[in-house]
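Letters A, B, ... mirror the listed sequences (proteins, then strands); counts begin at 1.
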Amino acid sequence: MKIASWNVNSLNVRLPHLLEWLKLQQPDIVGLQETKLDDPRFPDDALAAAGYRSVFTGQKTYNGVALVSKEPPGDVVTDIPGFDHEQRRVIAASYGDLRVINLYVVNGKAVGDEKYEFKLRWLEAVHAWIADELARHPKLVVMGDFNIAPDDRDVHDPAIWNADSILTSTAERAALKRLLDLGLHDSFRLHHDDGGVFSWWDYRAAGFRRDLGLRIDLLLVSDALRGKCIGAEIDREPRTWERPSDHTPALITLVS
DNA sequence: ATGGTAGTCTAACTA
């Protein structure tokens, strides 16, 4: 089965891209971030017509996450236990014995900013939640826009994206490592050692044309899924389409 | 060093 993560930066604008990509790739499960839609406006009818079930938790203008899938979801969670917050950034669901958590990690704005401090607190809460989920669901995928580039291979210029920069700072990377230390693996790195493969390019300064990107969209797989993850890719194509999201989909292939 | 773009919404915030 194929599982994907895509920050669509407004599902209202990007629905045609999503529908086209579902047709092309036929993924089984897709986690969306930054839908920027409140729940009554979520296009679940259009996705149902394309053969996909949807669960979602959204808000106007900002944030918003969803899971769309060919199989019906169960046991849906839309808040970090003990960390309820108005910002709609997490959704989890079960598909048989597979558990999927979809995250839109806080951006953080700049190192030292109050939003950065919130990012680190939020990641601590997510850590506790994932530890609990993993104890109950050995077959776990944690996907999303992590807003953290794991290491220097994942940035176009390590001099710019350094230990003091947002998305690459020491504390952010340490928080990601703490998640991985629970028994999760960056699926892309199970299959590729090369640098320069990115999932996000800034709209500004012709970032995509110049390939000034970062790899911040990740799918983490648990120990129990590690051997079943037979492929991990980033599909650059949707980023080449007209009026694209600034992110492009990341995906994995799992065998049962 | 600055500003560059996009989305939501028409002012300013977020990324």
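In this structure, the CD1 atom of A:Ile160 is 17 Å from the P atom of B:dG3, given to the nearest Å. Rounded to an integer number of Å, the gap from A:Asn63 CG to B:dA15 C1' is 11 Å. To the nearest angstrom, C1' of B:dA15 lies 13 Å from CG of A:Asp113. Between A:Asn9 atom CG and B:dA15 atom C1' there is a gap of 8 Å when expressed in whole angstrom units. As a whole-Å value, the separation of A:Trp200 CH2 from B:dG7 C1' is 15 Å. The NZ-P distance, from A:Lys115 to B:dC13, rounds to 9 Å in whole Å. Between the CH2 atom of A:Trp201 and the P atom of B:dA15 there is a distance of 20 Å, rounded to whole Å. Rounded to whole Å, atom P of B:dA15 lies 9 Å from atom NZ of A:Lys36.
Residues A:Asp154 and A:Trp161 have side chains that never bring a donor and an acceptor to within less than 3.5 angstrom of each other. A:Ser94 and A:Arg99 are linked by a side-chain donor-acceptor pair at a separation below 3.5 angstrom, with hydrogens and angles left out of the test. In this model, no donor atom of one side chain and acceptor atom of the other lie less than 3.5 Å apart for A:Asn63 and A:Arg88. Remark: the A:Ser10 side chain and the A:Glu34 side chain contain no N/O donor-acceptor pair separated by less than 3.5 Å.
In this structure, A:Lys109 reaches neither bases nor backbone, as no heavy-atom distance under 4.0 Å exists between it and the strands shown. Within the 4.0 angstrom heavy-atom criterion, only backbone atoms of the sugar-phosphate kind lie near A:Tyr104; the bases stay farther away. A:Arg210 comes within contact range of no nucleotide atom at all, as no heavy-atom separation falls under 4.0 Å. Looking at heavy-atom distances under 4.0 Å, A:Arg89 makes contact with sugar-phosphate atoms alone, never a base.
Checking B:dA15, B:dA6, B:dT8 against the side-chain heavy atoms of A:Arg204 singles out B:dA15 as nearest. In the set B:dT5, B:dC13, B:dT8, the nucleotide with an atom closest to the side chain of A:Tyr203 is B:dT5. The side chain of A:Asn12 approaches B:dT8 more closely than any other nucleotide in the set B:dT8, B:dA15, B:dA6.
Taking atom P on both B:dG3 and B:dG7, the two are 22 Å apart, rounded to the nearest angstrom. Atom P of B:dA6 sits at a distance of 23 Å from the matching atom of B:dT2, rounded to the whole Å. Between the C1' atoms of B:dA15 and B:dG4, the separation comes to 14 Å (whole Å).
Put simply, A:Arg14 has no side-chain N or O that comes within less than 4.0 Å of OP1 or OP2 on B:dA6. Contact between the side-chain N/O atoms of A:Thr61 and the OP1/OP2 oxygens of B:dC13 is not found at any separation under 4.0 Å. Phosphate proximity of B:dT8 to A:Lys60: absent, as no side-chain N or O sits under 4.0 Å from OP1 or OP2.
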| query | What's the verdict on salt bridge (charged side-chain N to carboxylate O under 4.0 Å, His left out) for A:Lys109 and A:Glu114, showing C-alpha distance, side-chain angles and the deciding distance? | reply | CA-CA 9 Å; A:Lys109 189 173 182 178; A:Glu114 63 182 28; over 6 Å; no
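In this structure, the side chains of A:Leu22 and A:Val30 come closer than 4.5 Å at one or more pairs of heavy atoms.
Take the nearest nucleotide of DNA chain B for A:Asp145 and for A:Arg41: the residue whose nucleotide is more 5' is A:Arg41. For the pair A:Leu11 and A:Asn107, both in contact range of DNA chain B, the more 5′-proximal nearest nucleotide belongs to A:Leu11.
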